[in-house]
Amino acid sequence: MIELINSEQDLARQNFPVFVPTMGALHAGHQSLIKLGKSLSESVLVSIFVNPLQFENQDDLAKYPRSLEADLKLAEAAGAAAVFAPTVEVIYPAEIKKISAGAVADLYEGAARTGHFAGVLTVVKRLFDLTKPKFAIFGEKDFQQLFLIKKMVKELELPIEIIAAPIIREPDGLALSSRNVRLNEADRKAALIISKSLQESNLQEMHKVLAQEPGFKLDYLAEIDEQTFGPVSANTQNKRVIIAGWVNGVRLLDNKSMGSGA
Ligand code: PAF
């Protein structure tokens with residue numbers, strides 16, 4: 001049976017070189033992160049903590065799926081050595097300092113969710129301090145989150161290598177997300193327009209595809225420079241299209257590399 005760790009003291013007694021932070025509701029996407037971790041070391045630690053600081057909307061926090069028993073099984077099946085599932089008190093003792101996430105944190109996901117990335121960086125830094133990993137693995141689906149975590153690690157000179165794991169999709173193209181469980185059959189069908197639009201070669205064509213689906217409400221569709229998260233310029237090495245929107249009140253994200261050059 002996989003080991004379940006709840007306290008800072010029990011965690012400190014062990015050494016896990018690879019760390020996969022999650023908010024639970026594990027699915028095949030998380031399992032792919034754990035499996036990638038196993039290719040780096042035998043000892044992979046998964047954390048499960050629904051971080052109140054990154055939810056600006058209390059309803060969203062209350063509705064976030066919680067399934068510890070099933071999560072333990074999925075983490076074990078993917079090869080994790082242990083799960084760290086702390087309480088809010090363990091993560092946020094009184095003295096925790098909130099990390100400021102900088103200007104990129106106000107764009108895109110940050111524009112729609114004020115304070116979200118400061119909450120993400122604060123919990124990730126706290127989790128890193130507690131777990132002290134050599135490698136930490138994050139999915140590319142949350143591309144802006146990945147960018148900001150890499151930036152924080154660089155700026156704070158943390159001795160941790162951030163590993164990016166590719167998006168895992170359903171056979172029909174839908175990017176795996178813990179939020180997908182909130183989609184009914186019709187929503188699930190409407191959500192397919194997101195990955196379908198990303199098959200086009202430019203933003204104009206993507207907009208045309210998205211306009212075909214009345215069940216999808218676009219928030220943003222943008223092409224960004226992967227190094228700066230700013231607009232593509234003559235100096236751009238790698239480009240990426242990022243997209244977010246709602247299907248029946250469920251926020252969904254996706255992105256795709258658009259190759260190199262401006
Ligand atoms: O991507 C997530 O699941 C969360 O934002 C993270 C990185 C675990 C921080 O709570």
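Counting starts at 1 for both ligands and their atoms, in listed order.
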S.K.: Give the numbers and elements of all ligand 1 atoms closer than 4.0 Å to a heavy atom of Thr22.
M.R.: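 Those atoms are 8 (C).
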
S.K.: Answer yes or no: are there more than 12 heavy-atom neighbours, outside Glu42 itself, under 6.0 Å from its atom CD?
M.R.: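 Counting neighbours around CD of Glu42, 12 or fewer heavy atoms of other residues, nucleotides or ligands fall under 6.0 Å, so no.
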
S.K.: Students should be able to answer this: which protein heavy-atom is nearest to atom 10 (O) of ligand 1, and at what distance?
M.R.: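 Here the closest protein heavy atom is Gln54 OE1, 2.6 Å.
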
S.K.: Taking only heavy atoms of Val123 into account, list the atoms of ligand 1 that are under 4.0 Å away from them.
M.R.: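 Those qualifying, in numeric order: 9 (C), 10 (O).
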
S.K.: What part of Ile149, side chain, backbone, both or neither, has a heavy atom within less than 4.0 angstrom of ligand 1?
M.R.: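 No part of Ile149 comes within reach of ligand 1.
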
S.K.: Under a 3.5 Å distance rule, please check whether Ser41 uses its side chain to pair with a backbone N or O of Pro17 as donor and acceptor.
M.R.: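 It does not hold such a pair.
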
S.K.: When you measure from atom 7 (C) of ligand 1 to every protein heavy atom, which one gives the shortest distance, and what is it?
M.R.: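 Minimum-distance protein heavy atom for atom 7 (C) of ligand 1 reads Gln145 NE2, 3.5 Å.
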
S.K.: Please find the pair of heavy atoms, one from Ala244 and one from Glu109, that lie closest to each other, and give the distance.
M.R.: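 Answer, listing the atom of Ala244 first, then Glu109: CB-OE2, 3.4 Å.
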
S.K.: Can you tell me how far CZ of Phe229 sits from CD1 of Ile224, rounded to the nearest 0.5 angstrom?
M.R.: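 If I round to the nearest 0.5 Å, the distance is 4.0 Å.
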
S.K.: Quick test of your reading of the structure: of Lys141, Met23, His30, whose heavy atom lies closest to atom 3 (O) of ligand 1?
M.R.: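 Checking each option, the heavy atom nearest atom 3 (O) of ligand 1 is found in Met23.
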
S.K.: Before you tell me yes or no, could you show the steps for Arg169 and Asp254 under salt bridge (Lys or Arg N to Asp or Glu O under 4.0 Å), namely the whole-Å CA-CA distance, both residues' side-chain angles and the distance that decides it to 0.1 Å?
M.R.: CA-CA 10 Å; Arg169 297 179 182 281; Asp254 206 337; 2.8 Å; yes

